[in-house]
Amino acid sequence: MSRLDQLRASPLFRNVPLDALQEAEKVVTSRTYRAGDVILEQDEPGEALYLIVDGVVRVSRVSLGSRERVLADVYAPGLIGETAVLSRGERSATVTALSATTILMLYRDHFSRILRRHPDVLWNLATLLADRITQQNDELIAFGLNTEAALAHVFCGLYEQRRVAGTLQPEVLPLSTQDIMQRISASRETVSRVLRKMDRQGLLRVTPSSVTLLDITALQRLGLDDTDSD
Ligand SMILES: Nc1ncnc2c1ncn2[C@@H]1O[C@@H]2COP(=O)(O)O[C@H]2[C@H]1O
């Protein structure tokens with residue numbers, strides 16, 4: 001894919017005039033990472049944002065008590081690194097490549113010039129940030145749900161992301177119990193107990209390194225449940 005096409009596929013540059021794409025094409029640089037590489041490091045200063053052209057990355061954050069929480073997986077053609085660029089601050093989270101990943105890097109000064117000259121790009125950015133807030137609100141609600149509903153909510157969200165990204169077997173989620181604990185506030189015992197229950201009910205099948213969703217409709221219904229029984 002040409003660099004122009006890579007830019008065109010990014011949600012930041014979707015449906016913008018050709019001159020905006022050409023301006024960006026001149027200033028972006030490409031980088032590749034292997035699975036496991038750290039792309040952005042929490043609390044480091046950030047001068048560029050990254051358009052994910054290929055691959056999938058994990059966003060995580062270490063909070064008080066040094067517990068690591070997974071915030072999101074971002075698939076191509078997603079955007080990362082905009083927060084530090086817009087707030088002139090530090091990286092709000094660590095981003096690690098989950099697969100071989102290619103990004104296009106755009107420095108703050110170039111980005112700022114493009115934003116001022118092309119309101120369509122600014123609009124796309126605003127849309128991306130609004131979508132992020134909606135997603136975070138969903139997650140906030142999910143964390144207030146009982147563990148079963150919270151797990152169903154997380155699993156259905158991951159399934160949907162993988163389906164949209166065209167991943168083979170989107171229903172087979174590569175998650176261990178540890179991975180799941182990093183996504184919801186629950187102990188290992190609670191996660192294991194609830195997973196066993198969901199497995200017995202035929203909703204999903206658990207192995208040490210994966211969760212296969214068997215009844216997505218039932219899981220979606222469960223993910224909307226806000227009763228507080230576990
Ligand atoms: N909840 C989230 N969902 C998706 N991406 C996020 C989330 N929180 C942080 N990020 C991304 O992770 C990046 C870390 O570096 P920045 O703070 O520059 O920009 C951040 C966002 O692009």
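Atoms within a ligand are numbered from 1 in the order they appear, just like the ligands themselves.
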> Does a side chain donor of either Glu68 or Ser60 reach within less than 3.5 Å of an acceptor in the other side chain?
Replying inline: yes
> What pairs with Arg188 under salt bridge (charged side-chain N to carboxylate O under 4.0 Å, His left out), at least two apart in sequence or on another chain?
Replying inline: none
Please tabulate, line by line, the atom pairs linking an N/O of ligand 1 to a protein N/O at a distance below 3.5 Å, with the distance in Å to 0.1, or answer 'none'.
from	atom 1	to	atom 2	distance (Å)
ligand 1	1 (N)	Gln136	NE2	3.1
ligand 1	17 (O)	Ser92	N	2.7
ligand 1	17 (O)	Ser92	OG	2.6
ligand 1	18 (O)	Gly81	O	3.3
ligand 1	18 (O)	Ala84	N	2.9
ligand 1	18 (O)	Arg91	NH1	2.7
ligand 1	19 (O)	Gly81	N	3.4
ligand 1	19 (O)	Thr83	N	3.4
ligand 1	19 (O)	Thr83	OG1	3.2
ligand 1	22 (O)	Gly81	N	2.8
ligand 1	22 (O)	Glu82	OE1	2.7
ligand 1	22 (O)	Glu82	OE2	3.3

>> Please find the pair of heavy atoms, one from Ile39 and one from Ile80, that lie closest to each other, and give the distance.
In response: CG2-CD1, 4.3 Å
> Counting heavy atoms not belonging to Asn137, are there more than 12 under 6.0 Å from its CG?
Replying inline: yes
>> Applying salt bridge (charged side-chain N to carboxylate O under 4.0 Å, His left out), can you list everything that pairs with Arg108, at least two apart in sequence or on another chain?
In response: Glu47
> Could you give all pairs that pass the salt bridge (Lys or Arg N to Asp or Glu O under 4.0 Å) test and reach residues 111-134, with sequence neighbours left out?
Replying inline: Glu23-Arg117, Glu82-Arg132
